[in-house]
Peer 1: 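Encoded as structure tokens, here's the structure I'll be asking about.
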Amino acid sequence: MRQPSGGESCAPSCIHPIAPDDGACRAPFSRAAPRDKERRRASHEAPGQIVPTTVLERMPKDVVTRFAPSPTGFLHIGGARTALFNWLYAKRHGGLFLLRIEDTDRERSTQGAIDAILDGMRWLGLDWDGDVTYQFSRAPRHREIAEELLARGKAYRCYASAQELEEMRETARAEGRPPRYDGRWRDRSPEEAPEGIAPVIRLKTPQEGETVIEDAVQGRVVFPNKDIDDFVLLRSDGAPTYMLAVVVDDHDMGVTQIIRGDDHLTNAARQKHIYEALGWQAPALAHIPLIHGPDGAKLSKRHGALGVDAYRAMGYLPSALRNYLLRLGWSQGDREFFSTAEMIEAFDLDSIHRSPARFDFVKLENMNGHYLRDTDDADLLATLLASLPYLEGGQAIARKLDERRKAQLAAAMSGLKARAKTLNELVDGAGFLFAERPLPLDAKAAALLTPKAREGLAALTPRLAALEEWSAATTEAVVREIAASLGVKLGDLAQPLRAALTGRTTSPGIFDVLAILGREESLARLADQAPSSAQRA
RNA sequence: GCGCCCAUCGUCUAGAGGCCUAGGACGUCGCCCUUUCACGGCGAAAACACGGGUUCGAUUCCCGUUGGGCGCGCCA
């Protein structure tokens, strides 16, 4: 399956009314994109030129972007970034961000994939304008355009068989030419059409010269026309190809700016010929590099080509994922963190890099940790509770959550979040609140509870039990006092205490743990680890 | 094979001919803080792929090499 581009697509009949009848009024969005520094210096939207009044009047809709995934799988990370960039660009310019599902391939499209994509978009916070456009529903329109091209002599019927096509490719390859259709039906008379063979419709593309693409990210890219063949617009069964559908849908939806994976760069050259044949104004282009795996190769499942639902399950926050994705291939000086409002304000096409970036889970995690700690306790608790159904082990926690547990979680949140990079780690760290007595001890905690350590706890227990007021402050005073009288360091007493109360060697501040657990539970957990019970065990 | 794109620390990146003794972030290592682990603070190691040009001067411009990526369907 294809990677990040997140592509192209097609659309139904419920298009946006914005669609101009022809692209003529989109002039301000086409511009030359000089390469390199030149290109970076050039302000992108500064048309500077003649802006027709009509355009100004329709200002809010002058920018229309779209995300057009094909529903053959989940919404993967590359697609998510493409969607994010389109979303940001639309927001930045007060435009529209449309969603189109490219489901022309009936064999491979599934409802499950569509649901996963919509769900992923919502989770990421990438809301789209208007209704989702389903490309398949627009097939009649695509056919109509193909017929029109035929009528205008811009396209022709081709009766070549699959076998002939295969031979052509082999020959071309053998001769060191790009494998492509040789145009054998381009100028043949319709009378020569063989009986009983349903033809495809191919576009007549120029055979000489070159095709120039002006791309906001790639700059000026030139393709020799000899490498662009007369590609298929309409299949023999009357279904449109991707190439035709994208162009027609983008046009009808009024898309002004295409932002997609650079795996579509060569398609841009083909599509340009369709626009020209139709006399339509083509949208401005921006082809962004794909995301690579940690080893520089294609993103694989093991790497990160997971559905965004997997990122949710791993405990990442949408805000952190958005920030990380933004910084992958786009930068503004040294700045690392951008709130949603800030990224909308700062986003631009000129700062997108041309080189592909590798996906780094470790950095994502670090960033997620920052977002976690920056979220205030109450909000984080709410987020955590809402995420429980999706997190590993979250269901079990959810089942045990009663009002008391919730209050304890809330109280522990600040200590917990400082130690967590993901919601999963937050859940893990909160484990001691949900553990049942007698607590299971992990290996390190068990090793800490030596006979001597247990004696220390035994000395401590009655003093804690005698406390009139049970709080972090009062328990701390007692523990410090006992440590002093025993002639040991505070840690010598605090660590066994932590082991006894949490079963771990790591936890929030131990006096906070004492306070949150409460007198009864704390003393009971301590009693479980008293010397006598240790012997019994 | 043909076409197109790319190339600064391990990774994400700053850099727009002299400001570079190449900066920041993640990661790594060390120190500090400290009841643990984190957080936080301080510090260290760590890069301009290679070769030719152009220039008084190249990380920055040009060419080539090497390496990587993408495309070449009646898939999208």
Side-chain angles (χ1 to χ4, degrees), chain A residues 1-3 5 7-10 36-38 40-41 68-70 72 102-105 107-109 135 158 162 165 169 172-180 198 200-202 213 218-219 221-224 226-229 231-237 239 241-243 245-246 261-267 269 287 289-290 292 294 296-298 324 327-329 331-337 353-360 362-367 369 373 415 417-421 429 444 448 476 479-480 483 489-495 497-499 504-511:
Chain A
M1 150 182 18
R2 274 173 176 253
Q3 224 224 54
S5 47
E8 264 11 70
S9 51
C10 16
D36 290 312
K37 314 286 155 109
E38 291 303 309
R40 284 162 197 284
R41 258 182 286 240
S70 72
T72 53
E102 307 218 315
D103 55 350
T104 23
D105 187 336
E107 300 283 292
R108 301 197 303 162
S109 299
Q135 191 167 66
C158 164
L165 259 18
R169 277 183 216 110
R173 212 175 278 270
E175 293 172 12
R177 300 189 337 262
R180 62 183 191 81
V200 298
I201 295 180
R202 289 180 183 272
I213 296 297
Q218 304 294 329
V221 184
V222 180
F223 298 91
K226 65 175 175 56
D227 291 340
I228 299 175
D229 65 2
F231 55 91
V232 175
L233 297 174
L234 204 66
R235 292 181 251 255
S236 51
D237 65 358
T241 60
Y242 154 83
M243 217 61 75
V246 187
D262 69 8
D263 50 342
H264 284 292
L265 190 54
T266 50
N267 288 334
H287 287 88
L290 303 181
H292 288 181
K298 193 181 284 183
Y324 178 72
R327 286 288 290 99
L328 217 50
S331 62
Q332 195 175 72
D334 286 342
R335 189 152 178 210
E336 298 282 350
F337 289 91
H353 310 155
R354 288 220 277 269
S355 54
R358 302 184 187 196
F359 192 86
D360 182 7
V362 179
K363 185 151 182 175
L364 204 211
E365 238 178 45
N366 172 277
M367 198 162 249
R373 292 191 293 279
K417 76 180 181 186
R419 270 155 270 256
K421 294 203 196 65
K444 284 190 213 159
L448 212 51
E476 174 167 4
V479 174
R480 284 188 185 276
K489 285 185 291 185
L490 181 55
D492 294 332
L493 200 51
Q495 273 305 87
L497 183 55
R498 168 173 283 111
R504 305 274 190 96
T505 53
T506 289
S507 80
I510 192 60
F511 306 115

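This one's a predicted model, so the numbers in the text were calculated from it and none came from an experiment. Convention: sequence-line order gives letters A, B, ...; per-chain numbering from 1.
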Peer 1: If the C1' atom of A38(B) is compared with that of C32(B), how far apart are they to the nearest Å?
Peer 2: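 Between the two C1' atoms, the distance is 15 Å.
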Peer 1: Nearest to the side chain of Phe223(A) - C74(B), C4(B), G71(B)?
Peer 2: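 Within the option list, the nearest is C4(B).
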Peer 1: Protein within reach of the bases, or only the backbone? For nucleotides 9-15 of chain B, mark each nucleotide 5' to 3' as B, S or -, using heavy atoms under 4.0 Å.
Peer 2: --SBSS-
Peer 1: What interatomic distance, in whole Å, is found between P of C26(B) and the corresponding atom of A44(B)?
Peer 2: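 That atom pair is separated by 15 Å.
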Peer 1: Quick one: closest heavy-atom pair of Arg358(A) and Tyr324(A), and the distance?
Peer 2: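 Minimum heavy-atom separation between Arg358(A) and Tyr324(A): O-OH, 3.9 Å.
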Peer 1: Looking at every heavy atom in both Phe359(A) and Pro294(A), which two are closest together, and how far apart are they?
Peer 2: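 In this case the closest contact between Phe359(A) and Pro294(A) is O-CG, 3.6 Å.
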Peer 1: Counting only Watson-Crick or G-U wobble pairs whose two distances fall under 3.5 Å, which nucleotide matches A44(B)?
Peer 2: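 Here A44(B) is engaged in a pair, and the nucleotide opposite it is U28(B).
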Peer 1: What is the distance from atom CZ of Arg202(A) to atom OG1 of Thr241(A), rounded to the nearest 0.5 Å?
Peer 2: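 These two atoms lie 10.0 Å from each other.
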Peer 1: Met243(A) has a side chain; which of G3(B), C74(B), A76(B) sits nearest to it?
Peer 2: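 Of G3(B), C74(B), A76(B), A76(B) is nearest to the side chain of Met243(A).
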Peer 1: For nucleotides A22(B) and A49(B), find the distance between their P atoms and express it as a whole number of Å.
Peer 2: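 The answer is 15 Å between these two P atoms.
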Peer 1: Distance check, rounded to the nearest 0.5 Å: Leu490(A) atom CG versus Arg480(A) atom CZ?
Peer 2: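 Reported value, rounded in 0.5 Å steps: 4.5 Å.
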Peer 1: Ala418(A): which residues meet the side chain to side chain contact (heavy atoms under 4.5 Å, CB included) condition with it, sequence neighbours left out?
Peer 2: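 Not a single residue meets the side chain to side chain contact (heavy atoms under 4.5 Å, CB included) criterion with Ala418(A).
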Peer 1: Without decimals, in angstroms, what is the distance between Arg354(A) CZ and C70(B) C1'?
Peer 2: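 Distance, rounded to whole Å: 15 Å.
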Peer 1: Among C4(B), C74(B), A76(B), which nucleotide has an atom closest to any side-chain atom of Asp105(A)?
Peer 2: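 Of the candidates, A76(B) comes closest.
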Peer 1: Between the base of C74(B) and the side chain of Thr241(A), is there any donor-acceptor pair under 3.5 Å?
Peer 2: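 Between C74(B) and Thr241(A), which were checked side chain against base, a qualifying N/O pair under 3.5 Å is absent.
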Peer 1: Applying a 3.5 Å limit to both distances, which nucleotide forms a Watson-Crick or G-U wobble pair with G64(B)?
Peer 2: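 Per the H-bond distance test, C50(B).
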Peer 1: Hey, mind stepping through Leu497(A) and Val479(A) against side chain to side chain contact (heavy atoms under 4.5 Å, CB included) and telling me if it holds?
Peer 2: CA-CA 10 Å; Leu497(A) 183 55; Val479(A) 174; 4.1 Å; yes
Peer 1: Side chain of Val232(A) only, please: which of C74(B), G3(B), A76(B) is the nearest?
Peer 2: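 Looking only at side-chain atoms, Val232(A) lies closest to C74(B).
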Peer 1: With a 4.0 Å cut-off on heavy atoms, is Val222(A) in touch with a base, just the backbone sugar-phosphate, or nothing at all?
Peer 2: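 Here Val222(A) touches the backbone only, sparing every base.
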Peer 1: When rounded to the nearest Å, what value does the distance between C1' atoms of G64(B) and A7(B) take?
Peer 2: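 These two C1' atoms come out 15 Å apart once rounded.
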Peer 1: Output the single nucleotide from C74(B), G68(B), A76(B) whose closest atom is nearest the side chain of His292(A).
Peer 2: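 My answer, after comparing the listed nucleotides, is G68(B).
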Peer 1: When the C1' atoms of G15(B) and G73(B) are compared, how many Å lie between them, rounded to an integer?
Peer 2: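 43 Å, rounded to whole Å.
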Peer 1: Indicate for each nucleotide in nucleotides 28-43 of chain B, in 5' to 3' sequence, whether protein heavy atoms under 4.0 Å reach the base (B), only the sugar-phosphate (S), or nothing (-).
Peer 2: -------BBBSSS---
Peer 1: Name the residue closer to the 5' end of RNA chain B, choosing between Leu165(A) and Phe337(A) according to the nucleotide with the nearest heavy atom.
Peer 2: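 Nearest nucleotide further toward 5': that of Phe337(A).
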Peer 1: So what's G3(B) paired with, Watson-Crick or G-U wobble, going by both distances under 3.5 Å?
Peer 2: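 Its partner is C70(B).
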Peer 1: Return yes if some donor-acceptor pair links the side-chain N/O of Arg373(A) with the main-chain N/O of Lys421(A) below 3.5 Å, else return no.
Peer 2: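 No, because the side chain of Arg373(A) does not come within donor-acceptor range (under 3.5 Å) of the backbone of Lys421(A).
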Peer 1: Between Lys226(A) and Val362(A), just flag the one whose closest nucleotide in RNA chain B comes earlier from the 5' side.
Peer 2: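 Here Lys226(A) is the residue nearer the 5' end.
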Peer 1: Pick the C1' atom in A14(B) and in A25(B), then give their distance to the nearest Å.
Peer 2: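 Comparing C1' positions in A14(B) and A25(B) gives a spacing of 11 Å.
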Peer 1: Can you check the distance between U13(B) and A47(B), where both ends of the measurement are the C1' atom (answer in whole Å)?
Peer 2: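 Straight-line distance between the two C1' atoms is 12 Å.
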Peer 1: In whole angstroms, how far is the C1' atom of C4(B) from the CG atom of Leu290(A)?
Peer 2: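 After rounding, the gap between these two atoms is 13 Å.
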Peer 1: Checking the side chain of Arg180(A) only, and the main-chain atoms of Phe231(A) only, is there a donor and an acceptor separated by less than 3.5 Å?
Peer 2: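 Not at all, since once roles are kept as given, no pair shorter than 3.5 Å links the two residues.
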Peer 1: Using the C1' atom as the reference point in each nucleotide, state the distance between G1(B) and U59(B) in Å, no decimals.
Peer 2: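 One C1' to the other, the span is 34 Å.
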Peer 1: Could you walk me through whether Ile213(A) and Gln218(A) pass the side chain to side chain contact (heavy atoms under 4.5 Å, CB included) check?
Peer 2: CA-CA 9 Å; Ile213(A) 296 297; Gln218(A) 304 294 329; over 6 Å; no
Peer 1: Looking at Arg180(A), I'd like to know whether one of its side-chain N or O atoms comes within less than 4.0 Å of OP1 or OP2 on G1(B).
Peer 2: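 No, because none of the side-chain N or O atoms of Arg180(A) sits under 4.0 Å from OP1 or OP2 of G1(B).
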Peer 1: Before giving the answer on side chain to side chain contact (heavy atoms under 4.5 Å, CB included), spell out for Lys489(A) and Gln495(A) the whole-Å C-alpha distance, their side-chain angles and the decisive distance to 0.1 Å.
Peer 2: CA-CA 10 Å; Lys489(A) 285 185 291 185; Gln495(A) 273 305 87; over 6 Å; no
